[in-house]
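Just so it is clear, the values below take in all heavy atoms, side chains as well, and ignore hydrogens, waters and symmetry mates. All ligand and atom numbering here is 1-based and tracks the order in the structure. Positions are given from 1 along the sequence.
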Amino acid sequence: MLSGKRITLIIGGGIAAFKSLDLIRRLRERGANVTPVLTRAAEEFVTPLSASALAAEKVYRDLFDLNDEHEMGHIELSRASDLIVVAPATADLMARMAAGLANDLASTLLLATDKRVLVAPAMNLRMWEHPATQRTIETLKSDGVLFVGPNDGDMACGEYGPGRMAEPLEIVAAVSAAIADGPLRGKHVLVTSGPTHEPIDPVRYIANRSSGAQGTAIARALAALGAQVTFVTGPADVEPPAGVAVVPVETAQEMLGAVQAALPADAAIFAAAVADWRVVSASDSKIKKGARGGLPSIELAENPDILATVAAMKNGRPGLVIGFAAETDDVLENARAKLQRKGCDWIVANDVSPETGIMGGGENAVTLITDDGAEDWPRMGKDRVAMRLAERVARALNGDEG
Ligand code: C5P
């Protein structure tokens, strides 16, 4: 399934580097060509000879090696690959990536590449939890870098927690999703998903019952058809899919910012259940019960309508803008009115009355509203709804329908 794909595998200097040798094997078993790049620190853990023998390829080690640069410089190395994988990605290497440093071959390659980058972090849990690392991760995610892991587990240092590198087969699955071939190959699709949380004070917030299941399934289906997916998600119950660029946000305003930063896109699907209102001035400290002798009064302001904002863009509007209409009454009528009001191209309408069990459940029954009319889809699993929608998006972007 990866046959003919070229993967540049940057091996960072961590104890998990030994698993990267197995990763080379697993990728090659599936038909990929793997070009290993070892950082200097990586060579303390694995030898260039073992990486080269397993990859059956030359190993790149040093930016200033004249022979290497003559044969294949760092620019060509990144151009020649379908995907760059960094495994293990150490805290140091990721921090240099996020800062745009280029002080060895690995970091130069990462700065020079126009290809997607998938990182598999591995480090001690305290290093992972350190605010500096978390800032780095946030920056890399908003730059569109893909992540797989880290997992929770026993660590070489004797501690237990997050920081273990994802297993080679998990990395292979993320690689496959990131470079899937299909009718959406080369297309960038933006998906919003999940609820938003609007803070009242540091411990309380306004939220809704969206689980993020439908948006997650849509992102997964688009990636499976080869799309490059940016997945902007509020705090959802379900894990984001592998192989998509995940941008986690909390509030509607953050979601709008992340969406604007992710554009341009060929299509944008707004599956998030965005809170309509936010608290005008969220308190910095916990509001005390009975403070000032009564109930607190909370002033609300309207949140930006992300879908309507993007649909109204004069420049850089995605060619296909799709909204959702979760309704409890007069579903079709309300959804049609919403299509007009929001200025989007399609609306996916669904009935979220409690008796349908759709909100938070595994199934969905939708009506797709386009210029050509309304199409009722039978009730089916959210994954199947997602795949059918992704296929429709592919047909539309490839000019097979309006
Ligand atoms: O107005 P309503 O919330 O019913 O509209 C639903 C559609 O609009 C969904 O596609 C939702 O993701 C999007 N939306 C948005 N920003 C908002 C409110 C809704 O993008 N503030």
Could you list the atoms of ligand 1 found under 4.0 angstrom from a heavy atom of G323? 10 (O)
Report, in ascending order of atom number, the atoms of ligand 1 lying under 4.0 Å from any heavy atom of A272. 11 (C), 12 (O)
Side chain of [X], backbone of [Y]: donor and acceptor closer than 3.5 Å?
X: T113; Y: L110; value: no
X: S283; Y: K286; value: no
X: N303; Y: A275; value: yes
X: R116; Y: V244; value: no
X: K19; Y: M165; value: yes

Salt bridge present between E375 and R392 (N-O < 4.0 angstrom): yes
Say whether [X], considering both its backbone and side-chain N or O atoms, lies within less than 3.5 Å of an N or O atom on ligand 1.
X: L307; result: yes
X: F270; result: yes
X: A273; result: no
X: I306; result: yes
X: K342; result: yes
X: F324; result: yes

Closer than 4.0 angstrom: is that true for some heavy atom of [X] and an atom of ligand 1?
X: E327; value: no
X: A252; value: no
X: P304; value: yes

Nearest to atom 17 (C) of ligand 1, what protein heavy atom do you find, and at what distance? V274 CB, 3.5 Å
For atom 4 (O) of ligand 1, what is the closest protein heavy atom, and at what distance to 0.1 Å? K338 NZ, 2.4 Å
D351 versus S353, side-chain donor and acceptor atoms under 3.5 Å: yes
Polar side chain donor-acceptor pair, H188 to T230, under 3.5 angstrom: yes
Set out, in order, the CA-CA distance, both residues' side-chain angles and the distance that settles side-chain contact (heavy atoms from CB on, under 4.5 Å) for R26 and I171, then state yes or no. CA-CA 10 Å; R26 303 287 187 178; I171 301 176; over 6 Å; no
